[in-house]
**Student:** 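The following block contains the structure, expressed as structure tokens.
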Amino acid sequence: MRSSGNIVKKLLCCGAKSLASDSDADAVPEGHVRVNVGKDIVCRFDLEANYLNHPLFENLLRLSEEEFGYSYDGALRIACEIDVFQYLVHLLKTSNPSAHYMELPDLISKFYSANAKHLPSQ
């Protein structure tokens, strides 16, 4: 069973916090690119464009191409779990040096092993 905190996080991530119909609310900030992340539930992010050059993002984009093809409507589509994507962005924002030497499977493994430590024992 998922905790209510995870549901709220997903809703806020997916735009429930901002229901304004202002046209500027949809504008992508300069130097950013719109990215839709997820398979079943899709969340929208405005990502710094320079992150797309990182090898881990290049790997994610290759996987996404296999999943969704080349066509997209207004935003890049990344086939990745939202929490894993947020973890990657966090590593890059904090300039964590481990992100520069990691392969995608290592990133995913590290994410899940770190989160397994925080799960309550059953």
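Being a predicted model, the structure only gives us computed values, none of them experimental.
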**Student:** Do the side chain of Ser113 and the main chain of Ser109 share a donor and acceptor less than 3.5 angstrom apart?
**Tutor:**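 Yes: the side chain of Ser113 pairs with the backbone of Ser109.
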**Student:** Indicate, with yes or no, if the rings of Phe57 and Phe85 have centres closer together than 6.0 Å.
**Tutor:**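 Yes, ring centres under 6.0 Å apart.
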**Student:** Can you give me the closest heavy-atom contact between Asp46 and Pro29, atom names plus distance?
**Tutor:**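 The pair with the smallest heavy-atom distance is OD2-CD, 3.5 Å.
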**Student:** Taking the side chain as everything from C-beta on, heavy atoms only, tell me whether Glu81 gets closer than 4.5 Å to Tyr112.
**Tutor:**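 Yes. Closest side-chain heavy atoms under 4.5 Å.
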**Student:** Does any non-hydrogen side-chain atom of Asn36 lie less than 4.5 Å from one of Ile78?
**Tutor:**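 Not touching, per the 4.5 Å side-chain cut-off.
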**Student:** Look up atom SG in Cys80 and atom CD1 in Ile108, then write down how far apart they are to the nearest 0.5 Å.
**Tutor:**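 Reported to 0.5 Å precision, the distance equals 6.5 Å.
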**Student:** Inspect the surroundings of CD in Glu48 and state if more than 12 heavy atoms from other residues, nucleotides or ligands are less than 6.0 Å away.
**Tutor:**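 Counting neighbours around CD of Glu48, more than 12 heavy atoms of other residues, nucleotides or ligands fall under 6.0 Å, so yes.
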**Student:** Is there side-chain contact between His54 and Leu92, with at least one heavy-atom pair below 4.5 Å?
**Tutor:**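 When only atoms from C-beta onward are counted, Leu92 and His54 do touch, with a gap below 4.5 Å.
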**Student:** With side-chain contact (heavy atoms from CB on, under 4.5 Å) as the criterion, how do Val37 and Arg44 come out once you've worked through the C-alpha distance, each side chain's angles and the decisive distance to 0.1 Å?
**Tutor:** CA-CA 6 Å; Val37 179; Arg44 183 184 328 184; over 6 Å; no
**Student:** With no hydrogens and no angle check, is any side-chain donor or acceptor of Arg77 less than 3.5 Å from a backbone partner on Glu65?
**Tutor:**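 No; judged by distance alone, with no hydrogens or angles, the pair does not exist.
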**Student:** Do Val42 and Ile82 have side chains that get closer than 4.5 Å, going by heavy atoms?
**Tutor:**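 No, side chains not in contact.
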**Student:** Please examine the side chains of Gln86 and Phe45, heavy atoms only from C-beta on, and report whether any two atoms are closer than 4.5 Å.
**Tutor:**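 A side-chain contact under 4.5 Å exists here.
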**Student:** How far apart are the C-alpha atoms of Lys110 and Leu107, what are their side-chain angles, what is the distance that settles it, and do they pass the side-chain contact (heavy atoms from CB on, under 4.5 Å) test?
**Tutor:** CA-CA 5 Å; Lys110 185 175 179 178; Leu107 171 85; 5.8 Å; no
**Student:** Determine whether Tyr51 and Leu56 satisfy the following criterion, side-chain contact (heavy atoms from CB on, under 4.5 Å), listing intermediate values before the conclusion.
**Tutor:** CA-CA 9 Å; Tyr51 288 163; Leu56 288 170; over 6 Å; no
**Student:** Indicate yes or no for a side-chain donor-acceptor contact from His32 to the backbone of Glu30 under 3.5 Å, with no hydrogens or angles considered.
**Tutor:**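 Side chain of His32 to backbone of Glu30: a pair is present.
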**Student:** Let's go through Leu88 and Leu60 carefully: what are the C-alpha distance in whole Å and the side-chain angles of both, what is the deciding distance for side-chain contact (heavy atoms from CB on, under 4.5 Å) to 0.1 Å, and is it a yes or a no?
**Tutor:** CA-CA 11 Å; Leu88 172 56; Leu60 280 177; 3.7 Å; yes
**Student:** Taking all non-hydrogen atoms of both residues, which atom of Ala79 and which atom of Ser64 are closest, and how far apart?
**Tutor:**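 In terms of heavy atoms, the two residues are closest at N-OG, 2.7 Å.
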**Student:** About how many Å separate CD of Glu58 and CG of Leu52, when rounded to the nearest 0.5 Å?
**Tutor:**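 Rounded to the nearest 0.5 Å, the CG-CD separation comes to 9.0 Å.
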